[in-house]
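All residue numbers in this chain count up from 1 along the given sequence. On a predicted model such as this, the values are computed, not experimentally measured, just so you know. Whatever order the structure lists ligands and atoms in, that order sets their numbers, starting from 1.
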Amino acid sequence: MNSKVISFDSIDSTNDFLKRNWRKLNNFTICWALTQTKGKGRNGRSWFSPKGGLWFSILFKPRKIFSDVNLYTKISSIALCKFFEKLSLEPIIKWPNDIYIKRKKIAGILTETIFGESNVAVIVGIGVNINNDIPSELRDKAVSLKQITDREYNLHITLRKIVGYIFRIYNLRSKKTGIATIIKMWKKRLFPKEGEEIKVMLNDEIHKVKVLKIFENYIEVLNDKRILKINSGEIII
Ligand code: BTN
């Protein structure tokens, strides 16, 4: 896929750069920054983006948007897993789309959609802890690739590899069973799975529950004969 990379030493947020400029940029433009001063996470959280991490966003300007915009996020989470799997690591996608290795978060994805008068843009922002150190207060929750493998990585090559996987998986969409294949690849790596028993934190207490069904915005679980809806923050990995 032919994509232009616009890079910065520092920017507020690579997602916001594409949001400001999407009209004049081409499909598949990538914005990459060595640091972000206002990196954004999901649910209005901020995303700490120091030097050494990989912080980038991809602009999609599809003629026809997938009816499920979450598919862009799913494609990116599979691509991140494939990158880590190639390094003989065992990543999982913690529902809905956080990437974990050894029970700690290594990457996150923030997808935003913009509707113009006649067209639409999808911005997929990806943050991966590569060579950056994790601040002590986050060390029990987050990890970097350097910490796991004890070596540093070239960020440019890493970006190219991850983007290569994203476009390869994205290209499956035009095949007849492409979307079903993408969902299958995502489910294979997903935690939790339907039917699985997991631990969740409800009202400050740990409960063992059975996963009944996974929806886009919540998971239905069985807790003591009661059916509950839980969100991602409640799942214990
Ligand atoms: C999350 O897990 O909460 C999502 C984190 C997404 C962070 C990336 S870093 C590059 C892009 N620019 C942003 O401001 N956020 C995303």
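Classified by interplanar angle (parallel below 30°, tilted 30° to 60°, perpendicular above 60°), the ring pair F60/F28 is perpendicular.
A side-chain donor-acceptor contact under 3.5 Å links T14 and Q36. If you check the side chains of T73 and T111, you find a donor sitting under 3.5 Å from an acceptor.
Under a 4.0 Å heavy-atom criterion, G39 is in contact with ligand 1.
Between the choices K94, E112, K105, the shortest heavy-atom distance to atom 2 (O) of ligand 1 belongs to K105.
Remark: E216 engages D68, N70, K74 in a side-chain contact (heavy atoms from CB on, under 4.5 Å) (not counting sequence neighbours).
Expressed to the nearest 0.5 Å, how far CG of N132 lies from CG of L155 amounts to 9.0 Å.
Within the listing of ligand 1, atoms 12 (N), 13 (C), 14 (O) sit less than 4.0 angstrom from a heavy atom of S13. For ligand 1 and F56, the ligand atoms under 4.0 Å from any heavy atom of the residue are 10 (C), 11 (C). Every atom of ligand 1 with a heavy atom of G125 under 4.0 Å away is listed here by number and element: 8 (C), 11 (C), 16 (C). Near K40, the atoms of ligand 1 lying under 4.0 angstrom from a non-hydrogen atom of the residue are 5 (C), 6 (C), 7 (C), 13 (C), 14 (O), 15 (N), 16 (C). Taking every non-hydrogen atom of T14 and a distance limit under 4.0 Å, the qualifying atoms of ligand 1 come out as 10 (C), 11 (C), 12 (N). Close approach of ligand 1 to D98 is summarised as follows: ligand atoms under 4.0 Å from at least one heavy atom of the residue are 2 (O). Close approach of ligand 1 to I109 is summarised as follows: ligand atoms under 4.0 Å from at least one heavy atom of the residue are 2 (O), 4 (C).
The residue D16 has no part lying near ligand 1, judged by heavy-atom distances below 4.0 Å. Neither the backbone nor the side chain of N43 has a heavy atom within less than 4.0 Å of ligand 1.
Scanning all protein heavy atoms for the shortest distance to atom 5 (C) of ligand 1 gives W47 CE3, 3.3 Å.
Residue Q36 has at least one nitrogen or oxygen atom sitting less than 3.5 Å from a nitrogen or oxygen atom of ligand 1, judged on distance alone. Here's the thing with K38: none of its N/O atoms is less than 3.5 angstrom from an N/O atom of ligand 1. At least one N or O atom of R42, backbone or side chain, sits closer than 3.5 Å to an N or O atom of ligand 1. Ligand 1 has no nitrogen or oxygen under 3.5 angstrom from a nitrogen or oxygen of W55.
Proximity of T37 to S10: side-chain heavy atoms (C-beta onward) are separated by under 4.5 Å at one or more points.
Seen from the ring of F191, R189 does not count as a face-on cation partner, given the 6.0 Å and 45° thresholds.
Sequence neighbours left out, the pairs with a member in residues 86-111 that pass salt bridge (Lys or Arg N to Asp or Glu O under 4.0 Å) are R42-D98, D98-K105.
In summary, the aromatic rings of F83 and Y165 are positioned with their centroids too far apart to meet the 6.0 Å limit.
Within a 6.0 Å sphere centred on CG of D150, heavy atoms belonging to other residues, nucleotides or ligands number 12 at most.
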